[in-house]
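To keep things clear, I will list the structure first and then write my remarks on it.
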Amino acid sequence: MRVLCGLWFNLRRLSDVSSLGTFRRPLSSDAMRLLQFCRKGNEGEIRVGVEHERGHGVIDLKAFDPSMPPTMRGFLELGQKGMDCAQRALSSDQRIVPHSDIRLLSPVTGPDKVVCVGMNYKDHCLEQNAPIPTEPIIFSKFPSAIIGPYDDIMLPNITQKVDWEVELAFVIGQKGKHIKEEEALSYVAGFTVANDVSARDWQMEKNGKQWLLGKTFDTFCPLGPALVTTAALKDVHNLGVRCLVNGGVVQDSNTNQLIFKTEKLIAWVSQFATLYPGDVFLTGTPPGVGVFRKPPVFLKRGDVVECQIDEIGSIRNTVV
C-alpha cells in the first residue's frame with residue numbers, strides 16, 4: 001500500500017511538470033510594484049526594490065535580504081521565493097530608500113528576448129485600412145534597445161522618420177514552453193509601459209521592408225516605471241493607453257482594443273520558443289502614430305514623449 005501511495009504521489013507530481021521538466025507554480029497573487037534602480041552617486045550598482053505602499057520610497061530588497069540577487073532577471077529566476085521576500089519586505093517597513101535618492105532603471109535589463117506584436121489593436125488596423133490579423137504578427141527588438149523610464153532617446157543620423165508607439169508590456173516570470181492559454185497568466189511576473197520607438201524609413205522602405213532594423217536602434221525601447229503585478233490591476237485588458245508628444249495627446253485608446261490578449265500571445269509564442277524569466281513582450285500600439293498622420297509627423301531633437309497607461313504609470317523620454 002505504501003508503494004502504491006508513493007507511486008500515485010510521484011505520478012501526481014509528474015502531471016504538474018511541464019515539458020521542460022520544471023514545475024508550473026503560479027507566481028504570487030500579491031499586489032506589488034517592483035522596480036529596478038540604482039542609488040544616485042552609485043550608478044553602477046543595480047538593485048531590485050518594491051515600492052512602499054504609502055509612497056514613502058522604495059524598499060531595497062538586497063539590503064533587506066542579502067541573499068537576493070541585484071537584478072530583476074535574477075530576482076525573477078528565484079520564482080516564488082523572490083516574490084515571498086518582496087512581500088515580507090513590503091510588510092516590514094524596513095530598508096526604505098527615498099525616491100529622491102534613487103534613479104529608476106528599466107524594470108528589467110538584459111532579458112533573453114524582447115518579443116513584439118504588430119497590428120494588435122483593432123482601431124490601429126482601421127487607421128491603416130488594414131485587415132484584422134487572424135494570427136499574431138510577431139517581430140523582435142534586440143535587448144540592447146532597452147532604456148529606463150526617463151532616459152533619453154537618441155535620434156540616429158541614418159534615419160529621418162522616427163516615430164512613437166505607446167504599448168502595454170509584460171514580463172515573463174517563469175520558464176515555459178507550449179504553455180496553455182488558460183495557464184498563461186501564471187507565467188506573467190507583471191506589466192509595465194513601453195514605447196516601441198520606430199524608424200519608419202528602415203521599417204517600411206529599406207532592408208527589404210523587414211521590421212527588425214527599424215525597431216532596434218539603441219534606446220528604441222524605453223520601459224517602466226515599474227513592474228506591476230497582475231493582482232495590483234483591476235483588469236489589464238481594460239486600461240486607458242495614451243501617448244503625448246510635447247504635451248499634446250497623439251494616441252488615446254484602451255487595452256480593450258487588443259486583438260490578441262496576454263494569454264493568447266504567451267500561448268502562441270511559446271509554441272516556437274522557450275520563454276524565460278525576464279523576457280519582455282510588447283503587445284502592440286493603438287492608432288495615432290506619426291507615420292499615418294496627414295501629413296506624417298516624426299520626432300525631432302528636443303521633443304518630449306510621454307507614454308501613459310492607467311494604474312501602471314508613465315514614462316517620459318526626451319529625444320536627443
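Within the structure, side-chain hydrogen bond (donor to acceptor under 3.5 Å, both in side chains) contacts touching residues 133-150 (residues at least two apart or in different chains) are Lys141-Asp196. Each ring-ring contact (aromatic ring centres under 6.0 Å, His included) pair with one or both residues in residues 236-270, not counting sequence neighbours, appears once here: Trp268-Phe272.
For Glu127, the salt bridge (Lys or Arg N to Asp or Glu O under 4.0 Å) criterion is met by no residue, not counting sequence neighbours. In terms of the ring pair (Phe, Tyr, Trp, His ring centres under 6.0 Å) criterion, residue partners of Phe220 (sequence neighbours excluded) are, by chain and number, Phe217. Looking at residues two or more places apart in sequence or on another chain, you find no ring pair (Phe, Tyr, Trp, His ring centres under 6.0 Å) involving Tyr121. Taking Lys264 as the reference, nothing meets the salt bridge (Lys or Arg N to Asp or Glu O under 4.0 Å) condition, with sequence neighbours excluded. Listed by chain and residue number, Asp279 satisfy the salt bridge (Lys or Arg N to Asp or Glu O under 4.0 Å) test with Lys113 (two or more places apart in sequence, or in another chain). Residues passing the ring pair (Phe, Tyr, Trp, His ring centres under 6.0 Å) test with His56, sequence neighbours excluded: His52. The salt bridge (Lys or Arg N to Asp or Glu O under 4.0 Å) test applied to Asp151 returns Arg103, not counting sequence neighbours.
In this structure, Val291 shares a hydrophobic cluster with Met204, Val289, Phe292, Phe298, the cluster being traced through Ile, Leu, Val, Met, Phe, Trp and Tyr side chains under 4.5 angstrom apart. Here Val320 is tied into one hydrophobic group with Met154, each link being a pair of ILVMFWY side chains closer than 4.5 Å.
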List the atom pairs, donor and acceptor, that lie under 3.5 Å between side-chain atoms in residues 240-249 and the rest of the protein, sequence neighbours left out.
from   : atom 1 : to     : atom 2 : distance (Å)
Arg242 : NE     : Gln308 : OE1    : 2.9
Arg242 : NH1    : Asp310 : OD1    : 3.4
Arg242 : NH2    : Asp310 : OD1    : 2.6
Asn246 : OD1    : Val304 : N      : 2.9
Asn246 : ND2    : Asp303 : OD1    : 2.9

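No more than 12 heavy-atom neighbours from other residues, nucleotides or ligands sit within 6.0 angstrom of CZ on Arg39.
In this structure the side chain of Ile153 reaches within 4.5 angstrom of the side chain of Pro222, judged on heavy atoms. By the 4.5 Å heavy-atom criterion applied to side chains, Val58 and His99 are counted as neighbours.
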(request) I would like to know whether Met83 and Met32 meet side chain to side chain contact (heavy atoms under 4.5 Å, CB included); could you show each step before the answer? (result) CA-CA 9 Å; Met83 292 293 185; Met32 292 185 288; 3.9 Å; yes
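No donor-acceptor pair under 3.5 Å is formed between the side chain of Trp202 and the backbone N or O of Thr216.
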